[in-house]
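What follows is a short report on a single structure.
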2 protein chains.
Amino acid sequence: MTQPEEQHGAPVRAWRPTLQEVAALAGVSRATASRVVNGGAGVRSEIQVKVRQAVDELGYVPNPAARALMTRRHDAVAVVVAEPESRVFSDPFFARQLRGIGRELSASAVQLVLLLVTEAGDYAQVGRYLAAGHVDGALIFSVHNDDPLPAIVDGLGLPTVYGGRPGWEPTGAAPLYVDTDNRGGAQAAVRHLRERGRQRIAVITGPLDQASALDRLSGYRDVLPQADPALVAEGDFTAEGGRRAMAELLDRGGDDRPDAVFACSDLMAAGAMAVLAERGLRVPEDVAVVGFDDGDTAAQWASPPLTTVRQDIEGMGRLMARLLLTRLQLTFDGNTGAAAGLAPVVTPAELVVRASS
Amino acid sequence: MTQPEEQHGAPVRAWRPTLQEVAALAGVSRATASRVVNGGAGVRSEIQVKVRQAVDELGYVPNPAARALMTRRHDAVAVVVAEPESRVFSDPFFARQLRGIGRELSASAVQLVLLLVTEAGDYAQVGRYLAAGHVDGALIFSVHNDDPLPAIVDGLGLPTVYGGRPGWEPTGAAPLYVDTDNRGGAQAAVRHLRERGRQRIAVITGPLDQASALDRLSGYRDVLPQADPALVAEGDFTAEGGRRAMAELLDRGGDDRPDAVFACSDLMAAGAMAVLAERGLRVPEDVAVVGFDDGDTAAQWASPPLTTVRQDIEGMGRLMARLLLTRLQLTFDGNTGAAAGLAPVVTPAELVVRASS
DNA sequence: CTGAAAGCGCTAACAG
DNA sequence: CTGTTAGCGCTTTCAG
């Protein structure tokens, strides 16, 4: 008996059948067995059946390490999420995008490997992981302007798709990304407030080292180029940040307070509304509020329900995955992708009017 | 020239240095190079230096596939999340636990592979993935009573830790899990409402095929064994479910409506509060509300702020990871773990009183 | 259409 | 302490 005796019920299946044994049982060579396992192209169907029987009988599952060693493919992609301010996960935005990605990948039997960057030191670890060639490609989120990741994947030549337009100057190949029309959405939001007759429209921005935050601010400025600088407060996409920014806006103004505020995320809008409530200001009578995201929770459960800019978040996730997958396919075929007409995608952002404005 | 000519800036580093070349450059054998790369135990420090220089010079990174083929370890664990009702990601609960797990694993340089089960068919895919031996262990969340996953990992003998007590009868070894004191927390919540003088305390439960939901309901019944059955409504942990359940409770009662409600998740509490607001019922004057989770968003941003049962969500995630890691270490040492005194952990749940009750 | 042979890059005995 | 020798399990030319 070579198997160690178990002390408990669950048998640790330390030993797993190999292709060799499948071949032996089916009475064919390893090579043929391999062909069948990989689709069976060019194998007599009679033999295919025998091999598949053997596979079932033995419960054979290919060893991915061995396969990867040979093929240099892993059928896995990394999703890299940097959350320096531990923001990502309190925001449903990312979660929904992740779901879209998961759906799309699992349809192609490609594994999703989630890499969380929590502390600065993790960048090196993630870099090593990617450099080791664990995965065939990467999806990278919420890149800040000083983010080391783009340089890393660029240096590695790892096929990558970004979530949100990366704000850095492209050095090598043009980056592939999926983004919302942040600027257009912001314009629509601000225009809406103006059309409602609001005179002093404030904005609570996201962190200004991120392209999405900058773009939304640009949209605001497009519509209100002459706006009082005191109407702009920087937030960080979190509820707490929205809270702080709103308080700041109110404290600044004296009695010339804003009569509307465009918060660049729903979470910040929620924070802002909490402050307004505390100060006895009614929404929308005294101050109209518009958010951005429509990532369910915040917008729909706020009272009053939040007017916001909707993006198809899950769809963006799917798109990212799809883009990467075709890029990988092309790479495998020896094409770099850019040549094949792969290009960034910008999805529309649509204003949804509810009671808060 | 064997390397394909690049059409674009980014060089695809198709070729990567192997241990062989590191050894050659350092003037030692592969074996020695390998030893150095793996810590250098028992190698003259003089040679270690030479090898490390070669590693740096060449930018060598070990090929994980080759290594796994040999060692049968992957330094990766799977996190399996089944979200049949697409609930998981709208709930900050899971996200925070994930963060705890990520922190703990990255401290041990163990990779986190996220497996999302979205549709019924995905179970087979996840099963195959786990069976293939991609990972050394698994963390499994939100097991329902008919969940096929426990049987799968059990059959595979894959070291596993559950998030939340699995509600099935243990067949093999006793399952390892990390859970909150759901029952105790629920008792505290209901007792609190009773002490506040509430007479008709309703409960909005979670999905009753999940242990956590059942345990919370048990806590309610512990305190109010004689409660009117009409005061119990089944929810599903989502805001929308809470909404429906609350409406049901109000419609049932006639003018004998509840004067308090214990919602078994914050999200459901938020839904319930929305319904109460719509019907012109004040919180807490007319109906007191208590939630469960304290997963930031919902509880803190509700108005009025929600009284709820707090659990250390991130800590639970860390604990799960830690438990699995020590279990893996033991497995590697040839021990099954149960023998070594590894046991489930139940963390405390503490009532946090805010304005809603 | 099938089999034989040659590794992919690495680690783990086993000698020296 | 270090090198030599065998593979891990799989795919993939290349003959037949």
Side-chain angles (χ1 to χ4, degrees), chain A residues 2 13-52 54-55 58-76 128 131-134 136 332, chain B residues 2 13-52 54-55 58-76 128 131-134 136 332-334:
Chain A
T2 64
R13 186 170 303 302
W15 187 82
R16 322 211 12 254
T18 96
L19 194 56
Q20 180 70 270
E21 346 211 16
V22 172
L25 182 59
V28 299
S29 72
R30 270 197 346 257
T32 300
S34 173
R35 289 186 187 105
V36 173
V37 169
N38 292 287
V43 177
R44 224 183 332 162
S45 62
E46 183 186 332
I47 294 196
Q48 290 201 29
V49 172
K50 280 211 293 204
V51 173
R52 286 193 220 287
V55 165
L58 263 36
Y60 170 76
V61 183
N63 179 323
R67 178 177 275 178
L69 191 52
M70 202 60 212
T71 61
R72 288 154 183 297
R73 301 185 94 234
H74 300 257
D75 296 312
R128 239 174 296 128
H134 269 288
D136 304 325
F332 193 64
Chain B
T2 63
R13 187 171 303 302
W15 187 81
R16 320 212 13 254
T18 98
L19 194 56
Q20 181 68 270
E21 345 210 17
V22 171
L25 181 59
V28 299
S29 73
R30 273 202 335 264
T32 300
S34 174
R35 289 186 188 106
V36 173
V37 168
N38 292 287
V43 176
R44 223 184 331 161
S45 62
E46 183 185 333
I47 293 196
Q48 291 200 30
V49 172
K50 280 211 294 204
V51 173
R52 286 194 218 286
V55 165
L58 263 36
Y60 169 77
V61 183
N63 179 324
R67 178 177 276 177
L69 190 54
M70 203 60 213
T71 62
R72 290 155 182 296
R73 301 186 94 232
H74 300 257
D75 297 312
R128 238 174 298 128
H134 268 286
D136 304 325
F332 193 64
D333 298 347

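Below, read A as the first sequence line, B as the second, and so on, with proteins coming before strands; counting in each chain starts at 1.
- On the nucleic acid side, DNA chain C contacts chain B at distances under 4.0 Å to non-hydrogen atoms, with the end points of that region at C:dG9 to C:dA13.
- Atom pair B:N63:CG and D:dC10:P shows a separation of 16 Å (rounding to whole Å applied).
- Residue B:S29 places at least one side-chain N or O under 4.0 Å from the OP1 or OP2 atom of D:dG3.
- When the P atom of D:dC1 is taken as reference, atom CD1 of B:I47 falls 11 Å away, rounded to whole Å.
- Across every non-hydrogen atom of B:H134 and A:P64, the tightest pair is CE1-CB, 3.2 Å.
- Between B:T18 atom OG1 and B:N63 atom CG the span is 9.5 Å, to the nearest 0.5 Å.
- Residues A:A66 and B:R67 both approach DNA chain C. Their nearest nucleotides, taken by heavy-atom distance, put A:A66 toward the 5′ side.
- Of all heavy-atom pairs spanning A:A132 and B:P62, the tightest one is CB-O, 4.0 Å.
- Taken from CG in B:L25 to CG in B:L58, the straight-line distance is 5.5 Å, to the nearest 0.5 Å.
- Taking each heavy atom of B:L19 and B:Y60 in turn, the nearest pair found is N-CE1, 3.5 Å.
- As rounded to whole Å, 10 Å separates atom P of D:dC10 from atom CZ of B:R72.
- For the residue pair A:P17 and A:G59, the shortest heavy atom distance occurs at CG-O, 4.0 Å.
- Of all the heavy atoms in A:A66 and B:L69, the pair that sits closest is CB-CD1, 3.6 Å.
- Rounded to the nearest 0.5 angstrom, B:Q48 CD and B:T32 OG1 are separated by 10.5 Å.
- Going from atom CG of B:L19 over to atom P of D:dC8 covers 19 Å, rounded to whole Å.
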Pick out the pairs of N or O atoms, protein on one side and nucleotides 5-7 of chain D on the other, that lie under 3.5 Å.
from, atom 1, to, atom 2, distance (Å)
D:dA6, N6, B:R30, NH2, 3.0

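- A donor-acceptor contact closer than 3.5 angstrom links the side chains of B:R67 and B:N38.
- Each of B:L69 and B:G27 was matched to the nucleotide of DNA chain D holding its nearest heavy atom; the match closer to the 5' end belongs to B:G27.
- For DNA chain D, the neighbouring residues in residues 33-43 of chain A, judged by any heavy atom under 4.0 Å, are A:S34, A:R35, A:N38.
- In terms of heavy-atom proximity, A:D136 sits nearest to A:D75 at OD2-N, 2.7 Å.
- Checking A:R35, A:Q20, A:E21 one by one against A:R30, the side chain to side chain contact (heavy atoms under 4.5 Å, CB included) holds for a single residue, A:Q20.
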